[in-house]
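Lettering of chains follows the sequences in order, A, B, ..., and the numbering in each one begins at 1.
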Protein chains: 2
Amino acid sequence: MDNEKYDALKIENQLCFPLYACSREIIKQYKPFLDEIDLTYTQYITMMVLWEKKSLTVKELGSCLFLDSGTLTPLLKKMEAKGLLARRRSEEDERNLIVTITEKGESLKEKAVKVPAEMAKCTNLEPEEAMELYKILYKILGRSGK
Amino acid sequence: MDNEKYDALKIENQLCFPLYACSREIIKQYKPFLDEIDLTYTQYITMMVLWEKKSLTVKELGSCLFLDSGTLTPLLKKMEAKGLLARRRSEEDERNLIVTITEKGESLKEKAVKVPAEMAKCTNLEPEEAMELYKILYKILGRSGK
DNA sequence: TTAAATTTAATTGTGTACAATTATTACAGT
DNA sequence: ACTGTAATAATTGTACACAATTAAATTTAA
């Protein structure tokens, strides 16, 4: 009989590890498609929010993406330099920085629409598994997801 | 009727995004416990492999963790400096660098065993959900997981 | 056997993540 | 109005990730 005292420390008994590994592996699969539209994965999900919301504060964006200003400030500056979005302070409350999508950012959506189509070919999950995974992940995140 | 052409680009229809967000959120939950044993999350999973295998090459370690030498080389150097492991070239094949756990690395396991115990209290998943999640993640990773 | 191809780590450069701190603005209570 | 508190971004410093390249050792094949 093996000593079971340390079983909880075995990598194959972790739940966070495959989550972490999966996340990175899938993001790597995105890379060739995202390269074609000159976006990193983080920039891509930022654009997703902007395509939907058009305009929001850094705080709100961070809440959508689970990222803080330490990550977003330099990211948004780069995206502004690329012409995808504009950054300006709110007039009602100067503490808020408002991020707004530009025409160029809007038009990128046309090219980007191919990305999820290409990525769909890469998955090996059944639709029910994907749905189950989705539900569990959003339960962990503490949001409904819809 | 909404234009459905772009639905696949909505953040709430992504599977990778909650994976990425979950992974980071859980790793953040590890932080206070890992701080107590002076390990980062990446160092922690590296130690997990070493507690199990005792000795292996950078290549093998990278295969376990889905990481390459670009990430591992500096990580292992820091861990060597902390005295948790030793690095030496293989004598049979000088291309291989062999990583071996030290006594100090072994003894850290005693303290580390509390980490999964503490983390278990943080989860809001049912055991069946955790098992289902585990299965799906390892299906994506293309390994059995056991 | 020796030149070409392969394998393995290390290095280089870019891009996040994130904790902690700082600076600015707004607000609350007096 | 004035003081302390809170909220929001930006900054700073550390630690990954990873693509691409380099360098060294080994293997393969002509």
Handout entry: Whole-Å gap separating C1' (dG15(C)) and CE (Met79(A))
Key = 13 Å

Fill in the blank from the handout: Taken in chain and number order and not counting sequence neighbours, the residues that satisfy side-chain hydrogen bond (donor to acceptor under 3.5 Å, both in side chains) with Arg87(A) are Glu80(A)

Completion exercise
Tested for ring pair (Phe, Tyr, Trp, His ring centres under 6.0 Å) against Tyr20(A), the lone hit among Phe66(B), Tyr41(B), Tyr44(B) is Tyr41(B)

Problem - Met131(B) with Ile136(A), same ILVMFWY side-chain cluster at under 4.5 Å - result: no

Exercise for the section: Kindly say if Lys78(A) contacts the phosphate of dT16(C), meaning a side-chain N or O under 4.0 Å from OP1 or OP2. Expected result: yes

Handout entry: Gln29(A) CD to dA19(D) P, straight-line distance once rounded to whole Å
Key = 12 Å

Exercise for the section: Verify the contact: side-chain N or O of Tyr20(A) to OP1 or OP2 of dA17(D), cut-off strictly under 4.0 Å; return yes or no. Expected result: yes

Practice task
Kindly check if the number of other-residue, nucleotide or ligand heavy atoms within 6.0 Å of NZ (Lys135(A)) is above 12?
Solution key: no

Fill in the blank from the handout: Residue pair Thr42(A)/Glu94(A) against DNA chain C: nearer the 5' end by closest nucleotide is Thr42(A)

Enumerate all atom pairs, one protein N or O and one N or O from nucleotides 8-14 of chain C, separated by less than 3.5 Å.
unit_1, atom_1, unit_2, atom_2, d
dT8(C), OP2, Lys59(B), NZ, 3.3
dT8(C), O3', Asn96(B), OD1, 3.2
dA9(C), OP1, Val58(B), N, 3.2
dA9(C), OP1, Lys59(B), N, 3.1
dA9(C), OP2, Lys59(B), N, 3.0
dA9(C), O3', Arg89(B), NH2, 3.2
dA10(C), OP1, Arg87(B), NH2, 2.8
dA10(C), OP2, Thr73(B), OG1, 2.7
dA10(C), N7, Ser69(B), OG, 2.7
dT11(C), OP2, Lys77(B), NZ, 2.8

Handout entry: Protein-nucleotide distance (Glu25(A), atom CD; dC18(D), atom C1'), rounded to Å
Key = 11 Å

Practice task
For atom NZ of Lys53(A), decide whether the heavy atoms of other residues, nucleotides or ligands shown that lie under 6.0 angstrom number more than 12.
Solution key: no

Handout entry: Sugar-phosphate, base or nothing in reach of Glu92(A), heavy atoms under 4.0 Å
Key = sugar-phosphate

Practice task
Check for a donor-acceptor pair, side chain of Ser63(B) on one end and backbone N or O of Lys59(B) on the other, with a separation under 3.5 Å.
Solution key: no

Exercise for the section: Kindly say if Lys31(A) contacts the phosphate of dA19(D), meaning a side-chain N or O under 4.0 Å from OP1 or OP2. Expected result: no

Practice task
Return the value, rounded to whole Å, for the distance between atom CG of Leu67(A) and atom C1' of dT16(C).
Solution key: 9 Å

Practice task
Let me know the distance between CG of Leu34(A) and C1' of dC18(D), rounded to the nearest Å.
Solution key: 15 Å

Exercise for the section: Report yes if a side-chain nitrogen or oxygen of Gln43(B) is closer than 4.0 Å to either non-bridging phosphate oxygen (OP1 or OP2) of dC16(D); otherwise report no. Expected result: yes

Practice task
Starting at atom CG of Leu75(A), determine the distance to atom P of dC18(C), rounded to an integer number of angstrom.
Solution key: 13 Å

Handout entry: Over 12 non-hydrogen atoms of neighbours within 6.0 angstrom of NZ in Lys111(A)
Key = no

Problem - Nearest-Å distance for atom pair CG/C1', residues Asp68(A) and dA7(D) - result: 15 Å

Exercise for the section: Rounded to the nearest angstrom, tell me the gap between atom CD1 in Ile45(B) and atom P in dA15(D). Expected result: 16 Å

